[in-house]
Amino acid sequence: MIFFSSNNHKNKNNSSSSSSSIHITRVVPIFLFLIIGIASAEGFTPATKTSNFSQRQLRPPSISSASAAVANDESIDMPTPKYAWSKPTLQLALPALVASIADPLLSMMDTAYIGRLGKEPLAALGVCTSIFYCCFYGFLATKTATTTLVASASSNEEAKLVTSTSLQLGVAAGLSVLLFLSFRGPECLAMMGIPATSDIYPHALTYLSTRCLSAPFFLLITVAEGALRGFGDTRIPLLASMATAFTMATMEPLLMFALGWHIRGSAAAMGLSQVSGALVYSYYLRKRFSSSSVEKSKDAGENVDKNMLTKSGIIATIVKANASMILKQGSLLFTWAYATKTAAKFGAAQVAAHQVALSFWMVFAYILDAVSVSAQILLSKARTRKSVDEVRSVTKYMTSVAVIQGLIITLIIAGLAPYVPSFFTTDEAVIAQLKTLLPVLSMQQVLISLTFVAEALAAGGSQFTLLGVGTALSALAAITLMANATSVLEIWTRGILAMFIGRFSAAGIGMLNVNGLLPKLKFTYLRKGKAKKEE
């Protein structure tokens, strides 16, 4: 049964009439993603090694093979002593952007549709989104661990064991999340500042109880993507993202408005989209493992460990992997959840505005973060060559790119600010809050861009503990400031801003340390000039 507050019931006819003439622009971002994905997929080929150097040089690299080649020192030439970083940066950033943009686009479209139902359902979406982030995205470290284990497996059988074990753990974690939210959903909403007496509560409970059914599929997707990256295959994750986007774009308006499921229809469409993505991964993983021709390529001269990892060893490695990343990720998720909880205290209009701003912000955050992939990989490669000049060159280049892209996004958000509020909602109170909030978001983009790139550079220099602890301390400072906030505007101008200042400061220390600019922590292996050639 779908619950509606009295206020929303009064506006039922209005929402129904508006839904009958849904603007085509609300699904344009999804279909734009599909077009980009199709265009990119045409150049995809499985990443396999070849001994024919001339063929690798003559054949233009595809997006996926380009990124794999940079990681494996294959067909893409690393910068010469002139340090021409633009080409490898684009070759790495473009596939990262295409692969990661689906999730924020889906979130933005979901927000736009639910915004047509009124401020209470939109506020409910904001609260539920924060709960799902805490429950789902805390397992993202499993993806990284799976990628590493699959890529370093000594045989196909070991890679298959790693993948199957990781998938089992992922599905088990998803089932645990499903059961927890099914039985403790009301308590989670109460912790987020939405008691049973709130007008937001019935909408939030409906969305939460429906969306949580897709938890096992979401975590299966997370692990499967990590496994395929370990195999050097980035084509299938793109196909899965396209399937997810297409299902969401077609099913959400049908379920919400044509069938009259409203907010339950939105949650069901999101769940079905994740089921479609999970089916794509399952089909291709089964096909890969059933084929006798599947072979993992190894670098020349690599010493292969013939002793396969045991299942218990794989589980232990997955559990231990990325402890600093989990601390960092958990701190960020808790901070964003606390921000939503604080906004919920100020009423439906302000928490709805916070949700719209966050969805809008996430799209540009993913765009800014794409360059970070290039920054981390290129600095890692430069660092292995033990040349301080090259490390400092890539640091300087990436910092410059961060400033430039931050300024560009600032201008874009400032230009879109007058039109964004009416795109997401028709509620005048929410629109008024957004007109005040969006200019603040635009002015923070340079800092956000610098933070992402600085963290990537520090991670490329193995400063993981510093990043984890720094983010945790930044989150603590942000939560302290948000506790005294009196409006959603103060949440963003105090708490969120403080969090990024703290993250940038910690990453900056790590970045300076990697560049050998902190005397007491200076790396002794870095030296001036070019690295010695390998004999």
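Only a predicted model underlies this, so the values are computations on that prediction, with no experimental measurement involved. We number each residue from 1, following the sequence as shown. Just the heavy atoms: all of them, side chains too, but no hydrogens, waters or symmetry mates, feed the values below.
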Identify the heavy atoms of [X] and [Y] that sit nearest to each other, and give their distance.
| X | Y | result |
| --- | --- | --- |
| L220 | L167 | O-CD2, 3.9 Å |
| L122 | Q355 | O-CG, 4.0 Å |
| Q405 | V371 | OE1-CG2, 3.3 Å |
| C128 | A204 | SG-O, 3.2 Å |
| A243 | V280 | CB-CG2, 3.9 Å |
| I413 | S442 | CG2-CB, 3.6 Å |

- request: Decide yes or no on side-chain contact (heavy atoms from CB on, under 4.5 Å) for H203 and E120, but give the supporting numbers first.
  value: CA-CA 7 Å; H203 305 285; E120 285 82 9; 3.8 Å; yes
task: Before giving the answer on side-chain contact (heavy atoms from CB on, under 4.5 Å), spell out for Y366 and D369 the whole-Å C-alpha distance, their side-chain angles and the decisive distance to 0.1 Å.
output: CA-CA 5 Å; Y366 276 89; D369 196 41; 5.6 Å; no
Using only atom types and a distance under 3.5 Å, with no angle test, would you say the side chain of [X] pairs donor to acceptor with the backbone of [Y]?
| X | Y | result |
| --- | --- | --- |
| S422 | Y419 | yes |
| Q445 | G406 | no |
| S449 | V446 | no |

message: Classify the ring geometry of F500 against F452: parallel below 30°, tilted from 30° to 60°, perpendicular beyond 60°.
response: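 Taking F452 first and then F500, their aromatic rings stand perpendicular (interplane angle over 60°).
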Sub-4.5 Å side-chain heavy-atom contact between [X] and [Y]:
| X | Y | value |
| --- | --- | --- |
| F423 | L416 | no |
| M191 | K341 | no |
| S474 | S331 | no |
| T342 | K345 | yes |
| T335 | M482 | yes |
| F183 | L178 | no |
| I448 | I409 | no |
| I131 | Y207 | no |

What is the distance from atom [atom1] of [X] to atom [atom2] of [Y], rounded to the nearest 0.5 Å?
| X | Y | atom1 | atom2 | result |
| --- | --- | --- | --- | --- |
| F218 | Q274 | CZ | CD | 6.5 Å |
| R288 | L285 | CZ | CG | 7.5 Å |
| Y284 | L279 | OH | CG | 12.0 Å |
| I263 | Y113 | CD1 | OH | 15.5 Å |
| Y338 | I479 | OH | CD1 | 7.0 Å |
| L272 | L213 | CG | CG | 10.0 Å |

- prompt: Heavy-atom count around F364 CZ within 6.0 Å, excluding the residue itself: above 12?
  reply: yes
query: Is atom OH of Y281 surrounded by more than 12 heavy atoms (other residues, nucleotides or ligands) closer than 6.0 Å?
result: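 Yes, enclosed.
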field: Under 3.5 Å side-chain donor-acceptor pair for R503 and T451
entry: no
- prompt: Side chains of S130 and T340: is there a donor and an acceptor less than 3.5 Å apart?
  reply: yes
query: Should the pair R211 and F132 be classed as cation-pi, given the thresholds of under 6.0 Å to the six-membered ring centre and 45° from the axis?
result: yes
query: Passes side chain to side chain donor-acceptor pair (under 3.5 Å), T247 versus S276? Steps please.
result: CA-CA 7 Å; T247 303; S276 67; 3.2 Å; yes
field: Residue pairs involving residues 176-195 (criterion salt bridge (Lys or Arg N to Asp or Glu O under 4.0 Å); sequence neighbours excluded)
entry: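 Residue pairs passing salt bridge (Lys or Arg N to Asp or Glu O under 4.0 Å), neighbours aside: R184-E187.
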message: L411 vs L407, test: side-chain contact (heavy atoms from CB on, under 4.5 Å). Steps then yes/no.
response: CA-CA 6 Å; L411 295 176; L407 290 172; 5.8 Å; no
Exercise answer: donor-acceptor pairs, residues 432-439 side-chain atoms, under 3.5 Å, sequence neighbours excluded:
from	atom 1	to	atom 2	distance (Å)
T436	OG1	A432	O	3.4

message: Taking side-chain hydrogen bond (donor to acceptor under 3.5 Å, both in side chains) as the cut-off, I'd like each qualifying pair that reaches into residues 492-501, sequence neighbours left out, listed once.
response: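 Pairs touching residues 492-501 that pass the test: H354-W492.
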- request: Start with the C-alpha gap between F360 and T111, add the side-chain angles, then the distance that decides, and say whether side-chain contact (heavy atoms from CB on, under 4.5 Å) holds.
  value: CA-CA 9 Å; F360 188 64; T111 302; over 6 Å; no
